Amino acid sequence: MIKPSVEKNVRISNLIDIRKLTNSAFVLRFEKHDLSFTAGQHIALGIPDIIDTREYSIYSAENDEAMEVLIKEVEEGFMSPKFGKLVVGQKVKVMKPVGYFTINKDYLQSKRFVFIASGTGIAPFHSIIKSYPDINYSILHGIRTSEEAYERNEYTAGKYIACTSRDKNGDFHGRVTDYLQQNSIDTQAIYYLCGNYEMIDEAYGILEKAGVKPENLKAEVYF
Amino acid sequence: MRLDYSGKKNGMKYHIITLGCQMNSSDSERVQTVIESLGFSATDNENDADLIGIIACSVRQKAIDKVYSRVYKWNKWKNKRNLLTFVSGCILPADKEKFLKLFDFVFHTNELNLFPEMLKNYGIVTPLHVQETKARPHVDIDLFWLIKPNYQNKFEAYIPIQNGCDKFCTYCAVPYTRGREVSRSSDDILKELERLVNLNYKSITLLGQNVNSYGLDKKGSEISFAQLLAQIGEFGFKSGKEFWVYFTSPHPRDMGEDVIQTIAKYKHLGKQIHLPVQSGDDKVLIRMNRQHGMSEYRKIVDSIRKHLPDATLFTDIIVGFTGETEEQFENTRKAMHEFRYNMAYIAMYSPRPGAASSRWDDDIPLDIKKERFHALSEDLRLETSAYNKTMIGKIYRLLVRDTDRKMGYLSGQTEGKITVRFKSDDLALIGQFVNVKITSAADFSVQGDLIQVLETKVVENV
């Protein structure tokens, strides 16, 4: 008989904490075990005994002793409502971190980074900024209302700009693409874009037109 | 009465249907080994089979529709005779849940080693007989790779070297069906290659969803893809045999200069590169989440042209991807001419269940997709036709593969996988190397005259 083994790429982790950020968004914090990662990577998250998993960017820092993901509950979704019902002490299934939306560490000291996100697309940037606190960055966050400025106090004052499209309580009223069109663009910076494709498509066009070289434009659409 | 499904006493037969890509074909060869080890013999007629299985492909909707239509038919047959069914291969979680109710056995390919025990215990309630339980223990894919395949060809073979995908292209569901990338041990790969070469196999293809990310998952405890190729090249040199080794499919992101230089260094490494571009437009590539832009792709092709000037270049392209504008499509047409592909597998985009893009509007009308498909096919024809004409008058080494559609002719492929036919009715040449002088060229193939039949030994390229 074949001797069963433990699946090398999967860990079963205890849920340590759940931080409710809005009515529909929350951060799950769970045991990291031996899973190392590079900020910007993602994991597949599941619940034991449920066959499906979902990919989420890691929200926590590389050297944080636990791992976190930022989840927005999709009403019609299959997994996110199930994650939303979990309580501390329950178990989650974590598949090893992978992904290429990471920063080139050679540029950490010498380059300025501009992170542009819509909604929960901010998660990889949160991980990068918490992992490399000395990084020269600014972050544009496209959200509908200011309550979606998830844990904005985590970012250095003045470096986080909430672009709110449906209320005026953010730092800028309008979409991130409006912000880019109305403000000067640093053509020497390295730009990272994460979120829905429509935002990325438009922002990419604006930045390219302004003179940012394609090799300095990195993007990851939701998948 | 409980039937003995060991197959040994009953002269039982099995029928297997393999859908999808080369990876599934390769997996199927191992599945057949296990079934035949139980005493079953293969039959081409499903009506005669006691055991029918499908190596499925959830990645393509048509393929999965085929699975459902077949199994409904087979389940009706069960009212009249004894029949067992199984499904394995690339299966999305959602399909797997449904298959559990339709098939007698559902298992991942890495669980193939459990299949004999499942069959033996069929009808007895044990934890292992159950088609699929959520508590079923995990089995490493390394054990699957240790099974000797039932090779379906006497001179061409696939060797799986890697399984799974970490790239998450938005149009593809493979990461959800096959999971994270796992590399096979290089020792095992080299042993299988050595065995095939000793059996006089002439064309061997290393297989993986992301074949050139080989070793990356092992984080230093396994050699790199370039090092693996180098070891194969060294073995080829020492073997005294003539054979060509290819690989598919690579991802441009992992196509390092070291890989290209290694191919250039060793004569047994086939000078044919398959480098999927998918689109010639940066924004479409972002939407596809391809992790590279055209500037990076261009650098790789420049390197191929520099180090492998005689290599042929193949690609995959999707036309009519969600949101693809006319201008973006035109960039793909430009890429076709810029990179002068020798072959492009062009597909009209269709959403694949489970892939991220299946949640987006498939907003390019079918007639536009068809127009783009035909326009790009015409661009390809111009490129291949121009290249094939340059072959006229030159002598090429050919691996003879089959009889040609044209009566009295045989067909083969050059090292660069250009199809050539030549006049001969000597079927003994199939599976052998010959030298052919090219006399005429068509759009996608060329014709030549046989000038030399080669022995199975290393000879210099001509």
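We name chains A, B, ... by the order of the sequence lines, and we start the count at 1 in each one. No experiment lies behind these values; they were computed from the predicted model shown.
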Under 4.5 Å heavy-atom distance to chain B, tell me which part of [X] shows up: side chain, backbone, both or neither.
| X | value |
| --- | --- |
| A/Q41 | neither |
| A/Y197 | side chain |
| A/Y222 | backbone |

- Cation over ring, A/K85 on A/F83, under 6.0 Å and within 45°?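 Because its charged atom misses either the 6.0 Å distance or the 45° angle limit, A/K85 does not stack over A/F83.
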- Item | SB check A/R11 A/E31 (cutoff 4.0 Å) |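 A salt bridge is absent here (no side-chain N lies under 4.0 Å from a carboxylate O).
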- Hey, are A/E62 and A/K130 close enough for a salt bridge, meaning a charged N less than 4.0 Å from a carboxylate O?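 So A/E62 does not pair with A/K130 through a salt bridge.
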- Message: Using the rule side-chain hydrogen bond (donor to acceptor under 3.5 Å, both in side chains), only one of A/K72, A/R166, A/H141 pairs with A/E148; which is it?
- Response: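 So, applying the side-chain hydrogen bond (donor to acceptor under 3.5 Å, both in side chains) to A/E148 and each of A/K72, A/R166, A/H141, only A/K72 qualifies.
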- Message: For chain A, which candidate among B/E296, B/K167, B/H292 shows the most heavy-atom pairs at distances under 4.5 Å?
- Response: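 Max contact count across the listed options: B/K167.
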